[in-house]
Every structure is written in structure tokens, then in C-alpha cells.
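See structure below.
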Amino acid sequence: MSDLNRRSTPLFPMSIITSLTDLTARQIRYYEENGLVHPARSKGNRRLFSFNDVDRLLEIKDLIDKGVNLAGIKEMLSNKTTKTETEEVPKEEKLEVEVKQALSDRELRNLLRKELLEAGRLNKNSLRQGELSRFFH
DNA sequence: ATTCTCACA
DNA sequence: TGTGAGGA
């Protein structure tokens with residue numbers, strides 16, 4: 001499985017996302033309503049987030065803290081994807097994004113490892129163990 | 001037990 | 001944004 005696929009695979013439920021991002025479920029659902037994130041859904045209509053979703057939510061949180069409103073965030077995030085044919089992109093800005101993502105990944109691994117251990121300890125789980133285990137081979 | 005949608009003292 | 005009701 002490619003890295004790109006891995007990062008976009010829907011894996012975690014709300015509870016994990018709230019602890020990973022420090023955002024409330026209410027906020028996350030609200031951001032989704034405004035088209036800032038599009039988590040997948042399980043059969044039971046539960047939201048399933050991917051690593052990409054987590055990164056996106058962390059960026060959103062960052063912008064919110066900086067006082068950017070949802071409309072503004074929506075633009076910035078979409079521009080980020082549509083900025084392929086634009087032109088010059090400050091090298092410094094690129095590096096900053098890369099570093100931020102690297103840090104995000106590191107934190108995610110730690111938190112996820114913790115989640116897995118706790119889930120396993122409390123012995124009770126279906127989706128997490130099977131799906132997430134592949135990230136820690 | 002968890003998450004979902006909807007609505008508002 | 002928080003929170004509680006009523007379902008799944």
C-alpha cells in the first residue's frame with residue numbers, strides 16, 4: 001500500500017480525533033458542515049477520519065487560533081490544493097509546512113500507540129486493532 | 001458505551 | 001460553541 005493511500009485511509013472515530021486535535025466533537029462537526037473537512041462514514045453513519053483529515057484539522061485549529069474565520073480558512077485550504085500551477089512559492093514557506101507535518105506525524109504515532117495499548121488493555125475492540133496494526137508493523 | 005442529528009433555557 | 005434530547 002502506498003504512503004498516499006495510507007494517509008487517506010479512513011481509520012479513526014471521533015473520540016480519537018478529539019484527543020489528537022484538542023478540538024471538541026461539536027467543532028469538528030461544525031467545520032465539516034462548512035466544507036472544511038470531509039471524513040468518510042461507516043455503515044452506522046459514524047465519521048471515520050484519516051491521517052490527512054487529522055493534518056487538515058490541525059491546520060484549521062491553527063488558523064482559528066490566529067483569528068481566521070471559516071470562510072477564510074476554506075479559501076486558504078482550497079488554494080493550497082489549487083496552487084500547483086500558480087508560480088513562485090517561498091522556499092521557507094514550503095519547509096515550514098513539511099516540518100509541521102513531520103511533527104504532526106510523530107505526535108500522531110505516539111498518541112495512536114497509546115490508544116492502541118489502552119484499547120488492547122481494556123480488551124474490547126473491533127475496528128481499531130485490525131486496521132491500525134498495519135501502521136505499526 | 002459511543003456517536004449522530006437537531007435545536008435552543 | 002455548549003449541551004441535552006432521542007435514535008441507531
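Predicted model only: the values in this text are computed from it and were never measured.
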- Rounded to the Å, how far apart are Asn69(A) CG and dT1(C) P? 12 Å
- Using Watson-Crick or G-U wobble geometry with both distances below 3.5 Å, tell me the partner of dA9(B), or none. none
Please tabulate, one pair per line, each protein N/O and nucleotide N/O from nucleotides 4-8 of chain B that are separated by under 3.5 Å, including the distance.
from   : atom 1 : to       : atom 2 : distance (Å)
dC4(B) : OP1    : Arg47(A) : N      : 3.1
dC4(B) : OP1    : Arg47(A) : NE     : 2.8
dC4(B) : OP2    : Arg29(A) : NE     : 3.1
dC4(B) : OP2    : Arg29(A) : NH2    : 2.6
dC4(B) : O3'    : Arg41(A) : NH1    : 3.4
dC4(B) : O3'    : Asn45(A) : ND2    : 3.2
dT5(B) : OP1    : Arg41(A) : NH1    : 3.2
dT5(B) : OP1    : Arg41(A) : NH2    : 3.0
dT5(B) : OP2    : Arg47(A) : NH2    : 2.3

- Item | N/O donor-acceptor pair under 3.5 Å between Glu75(A) side chain and Gly72(A) backbone | no
- Task: Spell out, as yes or no, whether a donor-acceptor pair under 3.5 Å connects the side chain of Arg46(A) to the backbone of Arg41(A).
- Result: no
- Message: I need the OH-P distance between Tyr30(A) and dT3(C), as an integer number of Å.
- Response: 17 Å
- Item | Interatomic distance, Asp22(A) CG vs dT1(C) C1' [rounded to whole Å] | 16 Å
- Query: Is the backbone of Ser50(A) close enough, under 3.5 Å, to the side chain of Asp53(A) for a donor and an acceptor to pair up by distance?
  - Reply: yes
- Query: Looking at Ile28(A) and Leu23(A), what are the two nearest heavy atoms and their distance?
  - Reply: CG1-CB, 3.9 Å
- Between Leu36(A) and Leu77(A), the two heavy atoms sitting closest are O-CD2, 4.4 Å
- Tell which nucleotide pairs with dA8(C), taking only Watson-Crick or G-U wobble pairs whose two distances are both under 3.5 angstrom. dT2(B)
- Message: Go through it in stages, so that I can follow the logic: the residues are Lys61(A) and Ile64(A), the test is side-chain contact (heavy atoms from CB on, under 4.5 Å), and I'd like the CA-CA distance, side-chain angles, deciding distance and then a yes or no.
- Response: CA-CA 5 Å; Lys61(A) 182 192 174 190; Ile64(A) 288 290; 5.6 Å; no
- Roughly how many Å is it from NZ in Lys43(A) to C1' in dT3(B), rounded to a whole number? 18 Å
